[in-house]
Amino acid sequence: MSKGIPKRNEDYSLWYNELVKKADLAENSPVRGCMVIKPYGYSIWEKMQAALDKMFKDTGHTNAYFPLFIPKSFLSKEAAHVEGFAKECAVVTHYRLKNAEDGSGVIVDPEAKLEEELIVRPTSETVIWSTYKNWIQSYRDLPLLVNQWANVVRWEMRTRLFLRTTEFLWQEGHTAHATRQEAIQETEQMLDVYAQFAEEFMAMPVVKGIKTPSERFAGAEETYCIEALMQDGKALQAGTSHFLGQNFAKAFDVTFANKEGKLDHVWGTSWGVSTRLMGALIMAHSDDEGLVLPPKLAPIQVVIVPIYKGEDSYAPIDEKAQEIRKALLAKGISVKYDNRDTHKPGFKFAEYELKGVPVRLALGLNDLANNTIEIARRDTKTKEVFALDGNITGKVEELLADIQHNIYQRALGFRAENTTKVDTYEEFKQLLDSKGGFIAAHWDETAETEAKIKEETKATIRCIPLDAEAEEGRCMVTGKPSKRRVLFARAY
RNA sequence: CGGGGUGUAGCGUAGCCCGGUAUCGCGCCACAUUUGGGAUGUGGAGGUCGUAGGUUCGAAUCCUGCCACCCCGACCA
């Protein structure tokens, strides 16, 4: 491992790419746009999964698994849906390889052509709704609350580790309801779950809002989202929850008999977050020394580094360190005791900073003599000497909680500083090119104006915030009346 | 998918213009001395120069196709 990573303020995207690789989160695979998620990176994803999965279960959902392949014909059932995904689908056309006759290797066997091509799922609405048709007959079968953890493939033109990969991991919830109102409530509930997860676990503040019609999910009647602000002033869509209306139910003819015995189409929702959250997590908190992980998602919450001179001094230090390690483990804290004698302490310090371990304990001969331990925290990079006759596990628990809180507050402060109200288009453009961030401005609610702004400034309407206050104003571009401000930003 | 750039050991690179089988640093292995912020010395291992062709007596070097990565556009979780 070479020393250091590029500086954030010199080249943000280079900093990001190098950090992902140097911190052992992921690397590129031989196939364009696909990544290998390395054990350390995957551990973080597993923690995210565990927390989200519990939240889904707590709100009444259960997991299931639907197939990777979708018959091509399914994609054409919901018009807007095809429109949205057709351009980025991977297609399976054959099922067999054979040795080339000239010995040059394997080739696709032309005789093994599929009658109907299979699409590698870009999302699962179509397979799932075609299945739901058989699962739902009566209002007694509703609501149907299912989630799946899966991989999906979207043939994106331009990819970036975690932020946009050809294949990515995600969860997709797909629910069916008897009434419009209930489906909308579900959509909103899951948006709240995402927002709560982002803020509580990722320590990342988000804005809850609604997408404009042009940014809406293909096949949805309404798309809700959570939007986060990254350190370079760009926005990142961190999760979406869609109210599908009866679109998919109609496309796949999913009906139910209501209490009056009348047939009606069911109302649907779908909602998802992906490994893109890893990118959000990295960009929300990390610095020039490496990752800064929120304690609630850090695979290693505490690292203990023994510092000794010669074999003789190791035994007593080891004994004390083991004792502390066990005490922390007993409190449910994940601890790594790094007693490798192949690396010096300074090397280890730098390495755990790169990997974002929230708390570091260093224990040496001086500490043994004084009955103390050195405690360093990653978020502020400060150190203190703690007397071991105090409650070390309590101290660490407190510190972990404080770090979690502190990085959230820091990100919240950053967002506040980088959210600006703007009333003129000139000011808007100027701000985008200087500090960026979220810009709250009036808009005339037309797709034309939205497109014009996007074309001229590359900024998009991230969302119409749910908590946007009613405020009479005039569209900054056309001067037409507007009832509230919407949130603009350049985005990932 | 269009424009630009890059690809040499695990990582970062020199060599390429002006063809003669590869430089340096980090890392790796062994031993010794080290260990409170990325250790030092000595010795050693590791490369079909992204890939497939072509030109040539000879290709990392020149030409062509392909693959991947980075940047800019169009597309997007």
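Excluded from the calculations below are hydrogen atoms, water molecules and symmetry mates; all remaining heavy atoms, backbone and side chain alike, are included.
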Next item on the list: Using atom NZ of A:Lys454 as one end and atom P of B:G73 as the other, report the distance to the nearest whole Å.
Entry: 12 Å
Checklist line | Separation of B:G7 C1' from A:Asn17 CG (nearest whole Å) | finding: 16 Å
[N] and [M]: how far apart are their [atom1] atoms, nearest whole angstrom?
N     : M     : atom1 : answer
B:A52 : B:A59 : C1'   : 15 Å
B:U35 : B:C69 : C1'   : 39 Å
B:U34 : B:C70 : C1'   : 41 Å

Check: Counting only non-hydrogen atoms, which of residues 268-293 of chain A are less than 4.0 Å from RNA chain B?
Finding: A:Ser274, A:Arg276
Check: Near RNA chain B, which residues from residues 222-241 of chain A have a heavy atom under 4.0 Å away?
Finding: A:Gln237
Item checked: Intra- and interstrand pairs of RNA chain B - dot-bracket, Watson-Crick/G-U under 3.5 Å, | marks other strand -> ((((((((.[[[..)....(...]]].((((((.....)))))).....[[[[[..)....]]]]])))))))....
Margin query: I want to check one thing: is the phosphate of B:G73, taken as OP1 and OP2, less than 4.0 Å away from some side-chain N or O of A:Lys458?
Written below: yes
Checklist line | Any A:Lys21 side-chain nitrogen or oxygen under 4.0 Å from OP1 or OP2 of B:C11 | finding: no
Margin query: For the residue pair A:Arg121 and A:Phe69, would you count it as a cation-pi contact if the rule is NZ or CZ under 6.0 angstrom from the ring centre and within 45 degrees of the ring axis?
Written below: no
Next item on the list: Measure from NZ or CZ of A:Lys38 to the centre of the six-membered ring of A:Tyr40, then state whether that distance is under 6.0 Å and the direction lies within 45° of the axis.
Entry: no
Classify the nucleic acid contact of [X] as base, sugar-phosphate or nothing, counting any heavy atom under 4.0 Å across all strands shown.
X        : result
A:Lys344 : base
A:Leu365 : base
A:Arg340 : nothing
A:Thr123 : nothing

Notebook entry, point to check: Looking at the side chain of A:Phe347, which of B:C69, B:G36, B:G38 is the nearest nucleotide?
Noted result: B:G38
Note to self: Let's see if you can work this out: which of B:C75, B:C72, B:U35 has an atom nearest to the side-chain heavy atoms of A:Glu156?
What the structure shows: B:C75
Check: Do A:His174 and A:Tyr132 have ring centroids that are under 6.0 Å from one another?
Finding: no
Checklist line | Candidates A:Asp341, A:Leu363, A:Leu365, A:Asn339 - the one meeting side chain to side chain contact (heavy atoms under 4.5 Å, CB included) with A:Tyr308 | finding: A:Asp341
Margin query: Between the base of B:G37 and the side chain of A:Lys383, is one N or O donor paired with an acceptor at under 3.5 angstrom?
Written below: yes
Item checked: Distance-only donor-acceptor test (3.5 Å): side chain A:Glu18, base B:G12 -> no
Item checked: Is_stacked (A:Trp170, B:A77) at 5.5 Å, 30 deg -> no
Check: Should the ring pair A:Phe243 and A:Trp267 be called parallel, tilted or perpendicular, given that the plane angle runs from 0 to 90° and is split at 30 and 60?
Finding: parallel
